[in-house]
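Encoded as structure tokens, the structure appears first; notes follow it.
Note that these values count all heavy atoms, side chains included, but never hydrogens, waters or copies made by symmetry.
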Amino acid sequence: MATEQRRGRRIMMTPGEIDSYLVRQRTCRVATVSADGRPHAGALWFVWDGTSLWLYSLTRSRRWADLRANPRIAVVVDDGEEYGELRGVELSGTVEFVGEAPRTGEPHPGLDIPERLFAAKNFGLDTMPHDGRHAWLRLTPSAVVSWDFRKLTEG
């Protein structure tokens, strides 16, 4: 995972902190760009496998259409209310479409781990339910930027 960060080194998370944070969080904000250059941002549930961020997206959505035309993406996972509590991670790169679209549950070895993790984290289930409307996007980030303003008060 690329974690080179020039500004904010005092508040950036270590790779271990990023990993732990992404495993615990549930919702991310996904930014795409349409063919006419309009940006689009929306929230999605995700799962982190330690290397890649897995997004389960509606296949009949603006996000999906944008990514089919231009697979570059930025994703932000953040939390905190007060200034000193703000923390988050921005991951960017190019997504890969994995499995059939929409996903019906056909066997796909590359999806065993993300589907097990996603089902447990978001549904409390052992196996992934498929609705025939969603499919998988995998972001193995080429750039990662993080911040944890709680570190400003540590000492």
Worksheet, complete the sentence: Heavy atoms of Pro102 and Ala135 approach each other most closely as CA-CB, 4.2 Å
Worksheet item: Closest heavy-atom contact between Val47 and Lys121?
Response: CA-NZ, 4.2 Å
Discussion item. Under a 3.5 Å distance rule, please check whether His108 uses its side chain to pair with a backbone N or O of Gly110 as donor and acceptor.
Written reply: yes
Worksheet item: Looking at side-chain heavy atoms only, is the closest gap between Trp147 and Met12 below 4.5 Å?
Response: no
Worksheet entry | Closest non-hydrogen atom pair between Gly50 and Asp19, with its separation | CA-OD1, 3.4 Å
Fill in: Flag side-chain contact, heavy atom, 4.5 Å: Arg26 against Asn122
yes
Discussion item. Using side chain to side chain contact (heavy atoms under 4.5 Å, CB included), reason through Tyr21 and Val77 one step at a time and then give a plain yes or no.
Written reply: CA-CA 9 Å; Tyr21 181 74; Val77 180; 3.8 Å; yes
Fill in: Same apolar cluster: Leu53 and Met13, side chain cutoff 4.5 Å
yes
Discussion item. Return the CD to CZ distance between Glu85 and Arg87, rounded to the nearest 0.5 Å.
Written reply: 9.5 Å
Side-chain atoms of residues 88-98: list all donor-acceptor pairs with protein atoms under 3.5 Å, sequence neighbours left out, distances to 0.1 Å.
| from | atom 1 | to | atom 2 | distance (Å) |
| --- | --- | --- | --- | --- |
| Glu96 | OE1 | Arg138 | NH2 | 2.8 |
| Glu96 | OE2 | Arg138 | NE | 3.4 |
| Glu96 | OE2 | Arg138 | NH2 | 3.3 |

Worksheet item: Partners of Arg133 by side-chain hydrogen bond (donor to acceptor under 3.5 Å, both in side chains), sequence neighbours excluded?
Response: none
Practice prompt. Tell me yes or no: between the side chains of Thr32 and Arg63, is some donor less than 3.5 Å from an acceptor?
Written response: no
Worksheet item: Would you find more than 12 non-hydrogen atoms of other residues, nucleotides or ligands less than 6.0 Å from Leu152 atom CG?
Response: yes
Discussion item. Please evaluate residues Met128 and His130 with respect to the criterion side chain to side chain contact (heavy atoms under 4.5 Å, CB included), reporting the C-alpha separation (whole Å), side-chain torsions for both, the decisive distance (0.1 Å), and the verdict.
Written reply: CA-CA 6 Å; Met128 184 73 183; His130 300 286; 3.6 Å; yes
Item to complete: Indicate yes or no for a side-chain donor-acceptor contact from Thr59 to the backbone of His134 under 3.5 Å, with no hydrogens or angles considered.
Response: no
Discussion item. Under 4.0 Å between a side-chain nitrogen and a carboxylate oxygen: does that hold for Asp126 and Arg116?
Written reply: no
Worksheet item: What heavy-atom pair brings Leu86 and Gly80 nearest, and what distance separates the two atoms?
Response: CD2-O, 3.7 Å
Discussion item. Count I, L, V, M, F, W, Y as connected when their side-chain heavy atoms are under 4.5 Å apart, and connections chain through other members. Are Val23 and Leu117 then in the same cluster?
Written reply: no
Worksheet item: Is there a path from Ile73 to Tyr56 through hydrophobic residues (I, L, V, M, F, W, Y) whose side chains come within less than 4.5 Å of each other?
Response: no
Practice prompt. For residues Asp49 and Ser52, report the shortest heavy-atom separation together with the two atoms involved.
Written response: OD1-N, 2.6 Å
Fill in: Minimum-distance pair of heavy atoms, taken over all atoms of Leu22 and Phe46
O-CE1, 3.4 Å
Discussion item. Take a 6.0 Å sphere around CZ of Arg72 and say whether it holds more than 12 heavy atoms from other residues, nucleotides or ligands.
Written reply: no
Fill in: Point-to-point distance, once rounded to the nearest 0.5 Å, from CG of Leu67 to CZ of Arg62
11.5 Å
Item to complete: Applying salt bridge (charged side-chain N to carboxylate O under 4.0 Å, His left out), name anything that partners Asp78, two or more places apart in sequence or on another chain.
Response: Arg29
Worksheet item: Got a second to check how far Leu44's CG is from Leu137's CG, nearest 0.5 Å?
Response: 8.0 Å
Discussion item. According to a hydrophobic-cluster definition based on side-chain heavy atoms being under 4.5 Å apart (Ile, Leu, Val, Met, Phe, Trp, Tyr only), do Phe118 and Val30 belong together?
Written reply: no
Item to complete: State the CG-CD distance between Leu111 and Glu100, to the nearest 0.5 angstrom.
Response: 7.5 Å
Discussion item. Do Phe123 and Leu55 sit in one hydrophobic cluster, given that two such residues count as connected whenever their side-chain heavy atoms are within less than 4.5 Å of each other, even indirectly?
Written reply: no
Practice prompt. Check the pair Gln25, Asp79 against side chain to side chain contact (heavy atoms under 4.5 Å, CB included), reporting the backbone distance first and the verdict last.
Written response: CA-CA 9 Å; Gln25 297 299 310; Asp79 70 334; 4.0 Å; yes
Practice prompt. Quick one: pull up CD1 in Ile18 and OG1 in Thr14 and give me the separation to the nearest 0.5 Å.
Written response: 7.0 Å
Worksheet entry | Side-chain ion pair, Arg103 and Glu115, N-O less than 4.0 Å | yes
Fill in: Distance, nearest 0.5 Å, that separates CZ of Phe149 from CZ of Arg10
11.0 Å
Worksheet item: Are Glu82 and Arg150 within salt-bridge range, i.e. N to O under 4.0 Å?
Response: no
